[in-house]
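Please read the structure below before turning to the comments.
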Amino acid sequence: MRPPSSFKQDFFKKWVVGLQYYYGTSSRDMNILERKKAIKLSADVAMASARDGKTYWSRSLIAKASKQDDCISKNLVKNILGNEYERLTKLPSSILCSKRIRSKKIVRRSCNMRRIRKHAQKRVLASSIAKRMVKKRTQVLKTLVPGGESMDDEFCLLEETIDYLLSLQAQVDVMHKLVNASGLPS
Amino acid sequence: MNATEITVLERQQSQLQWQQQKQHYFEDTHFNLTMNEASLMNNEYRSMKIDPDFDNGWPGLAKYPLHRTGFGGENLPGFVSTESADMNSSISRTFSCPPEKLTSSIGRESFKKRKASDKSVGAENINEKKIKGEVEEVASKINEQIHNNKNNNRETCGDISKENSKVSEVQKTEYIHVRARRGQATDSHSLAERVRREKISERMRYLQDLVPGCNKIIGKAGMLDEIINYVQSLQRQVEFLSMKLATVSPQVDSNIDNFFAKEMFQSTADSYPTIGMLSEVLNPTCYQQLNAVQQVLTCGGLNMDINLAEMPLERTTSTPVSMPGEFLDSSSFSQAQPPSAWENDLQSLYNTGFRHQGRSTAFSSEPFNGNLAASNLKMEI
C-alpha cells in the first residue's frame with residue numbers, strides 16, 4: 001500500500017470530481033437522503049478507485065456501485081472512474097464465481113451427518129465453542145468487507161480487512177476535514 | 001533418527017534399495033561412458049558398446065550380495081557401534097540434492113574403489129556400509145528434510161561431491177523455511193497448516209496494532225469482535241459525514257428546511273408534546289426511508305434530523321448514541337438549558353433508535369449478546 005497521504009490526496013481528487021458532478025446535477029426534488037446517498041456513493045467509489053483496483057474489496061465495491069438502478073448513481077460512478085470505468089467495473093474471476101455451484105445431494109448428506117454428530121456428542125468441548133465463535137465472527141466480518149462473501153481463505157480475508165480498514169480511516173479523515181472546512185455549525 | 005535405532009529390517013530394506021539403485025546406476029554410467037566416447041553414435045552401436053562395460057561392472061555387483069550375506073551377521077553390531085559416530089558426521093542432511101545424483105555419485109565412487117582395490121574385501125565393505133548408511137538416511141529422512149533445511153549448511157556430507165552441495169544451495173531457496181519444534185509433526189500437511197496459521201496470526205497482530213483498544217484483548221474471537229466493531233463504526237462515520245455534507249449542499253431542499261423550521265418553532269413554543277410529535281413525525285417518514293436504504297443508519301438519521309431542527313437541546317453525554325466519539329465531542333448545542341423532561345424523552349428516543357439498530361444488525365445471533373451488552377456499556381460511558 002502506498003503512503004496514506006498520497007492515498008488521501010488521490011481519494012480526495014476523485015471525490016471532488018464526483019462531488020462536482022453531484023452538485024452540477026443535483027436537482028431540487030432530491031430528498032436529503034438521496035443526496036446523502038449520492039455523497040456516500042461518490043466517497044465510496046472514489047475510495048475504491050483510489051486503490052486502483054488492486055484489491056478485491058475495491059473491485060467488488062465499484063462493481064456493486066455500478067450495478068445500481070438509478071441513473072444518477074450510475075453516472076456518478078462513470079464520472080469518477082473516468083476512462084478506467086471499463087477496467088475497474090469488471091469483476092475479478094474469484095468474485096464472479098461467488099455463487100458456488102453445490103451439489104444438493106452432498107449438502108443434504110453433510111447436513112444429515114452434522115445432525116447425527118450433534119446427537120451423538122452431548123458434551124461440548126471448549127475448543128469447539130471457541131472455534132464456533134471465531135467462525136461466526138468471521139462470517140460477520142465477511143459481510144462487512146465488500147466482496148468478502150467470496151473469500152474462502154481466512155488469510156485472504158484478513159489481508160482485505162486490513163486494506164479496507166486503512167482506506168476507511170483515510171476516507172473518514174478526509175471527510176472530516178471537508179466537513180470542518182465547509183463550516184458546519186458542529 | 002540415530003544410527004543406533006536402525007533395525008535390522010530397515011537395514012535389509014535399504015540394502016535392497018541400494019542394490020536396485022546400484023543396478024540403475026550401472027545402466028546410467030554405461031550410458032554416460034558411451035556418450036562420452038562417441039556422442040554421435042547411433043543407438044544400436046551404443047547398445048553394442050554397453051555390453052563389455054556391463055560385463056566389467058556386473059560381477060562386482062553380483063559379488064556384493066555374497067559379501068553381505070557372509071559378513072552381515074557378525075558385522076552388524078560392529079557396524080552399529082563404529083558407524084554411529086561416523087554417520088552423524090557424514091549424514092547428508094541435504095534433502096534437495098536429487099536422489100539420482102546422490103546415488104550416482106556414491107556409485108561412481110564405489111565403482112572406482114572396486115576397480116582400484118580389486119578385491120580387498122574388508123576396506124570395500126566398510127565403504128559400502130558407509131554408503132549404505134547414507135542411502136538409508138536419505139531414504140528415511142527424505143520427508144522430514146523436505147522442510148528442515150536448517151541443517152543444510154552445518155552438516156555437509158564429506159563423501160558427496162561439491163557439486164551436490166551447490167545444487168542443494170541453489171534449490172533450497174525455492175522453499176519456505178519452517179522450523180519444527182520438538183514433538184511437532186513434520187509431515188508436509190501439518191507443516192503447511194502451521195505456516196498458514198503463522199501467517200494468519202501475523203495478520204491478526206497487525207490488525208491488533210491497527211484497531212485502537214485491541215491491544216489488551218486476548219483471544220481470536222475477542223479480537224475479531226473489536227475489528228468488527230471498528231469497521232462498523234468507521235462505516236457509520238462515513239454515513240454520518242456524508243449526511244452532514246448533504247445538509248451543507250447549496251441546493252438545500254426548501255421543503256425540508258421549512259418543515260424543520262416549523263418543528264423548531266413549535267418545539268420552542270411548548271416544550272413537552274412536540275417531542276412526542278417529532279418522534280411520531282420522524283418515525284413514519286424518515287425512519288422507513290432509512291430502513292429502506294440501510295438499517296444501520298437509523299440512529300445517525302435521527303441525530304441528523306434533530307441536528308437539522310437545531311433544537312436548543314443540550315446533548316447530554318449519557319445519550320447512548322451509536323456514533324463514535326467524535327460525534328459526541330462535536331455536539332455543541334448548549335445554547336439553552338433544557339428542562340429535564342426533554343432530556344429524558346430524548347434519551348428514550350435515542351434508546352429506541354439504538355435498540356432497533358442493535359436488533360437489525362447482524363449481531364442478533366445469540367453469541368453476540370455479550371458483545372452487544374459490552375457496546376451498550378461502552379456507549380453509556
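Chain identifiers are assigned alphabetically (A, B, ...) following the order of the sequence lines, protein sequences preceding nucleic acid strands; residue numbering begins at 1 within each chain.
- Counting only heavy atoms from C-beta outward, the side chains of A:R137 and B:M223 never approach each other to under 4.5 Å.
- By the 4.5 Å heavy-atom criterion applied to side chains, A:L33 and B:M243 are counted as neighbours.
- Atom CD of B:Q237 sits about 10.0 Å away from atom CG of A:D173, to the nearest 0.5 Å.
- Atom-to-atom distance recorded for B:Y206:OH and A:L158:CG is 13.0 Å, nearest 0.5 angstrom.
- Considering only heavy atoms from C-beta on, B:L234 comes within 4.5 Å of A:L165 through its side chain.
- In this structure, CD1 on B:I228 lies 12.5 Å from NZ on A:K136, to the nearest 0.5 angstrom.
- Residue A:Q139: no heavy atom, backbone or side chain, is found under 4.5 Å from chain B.
- Taking CZ of A:F155 as the start and CZ of B:R203 as the end, the distance is 4.5 Å to the nearest 0.5 Å.
- How far NZ of A:K36 is from CG of B:L241: 11.0 Å, rounded to the nearest 0.5 Å.
- One finds the NZ atom of B:K220 at 6.5 Å from the OG1 atom of A:T138 (value rounded to the nearest 0.5 Å).
- Contact count versus chain A (heavy atoms, under 4.5 Å) is highest, among B:L210, B:V238, B:L224, for B:V238.
- In plain terms, the two heavy atoms of B:A221 and A:V134 that are nearest each other are N-CG2, 4.0 Å.
- Annotation: side chain of A:E154 is in contact with side chain of B:R196 (closest heavy-atom distance under 4.5 Å).
- Taking every heavy atom of both residues into account, A:R35 and B:A246 meet most closely at NH1-O, 2.5 Å.
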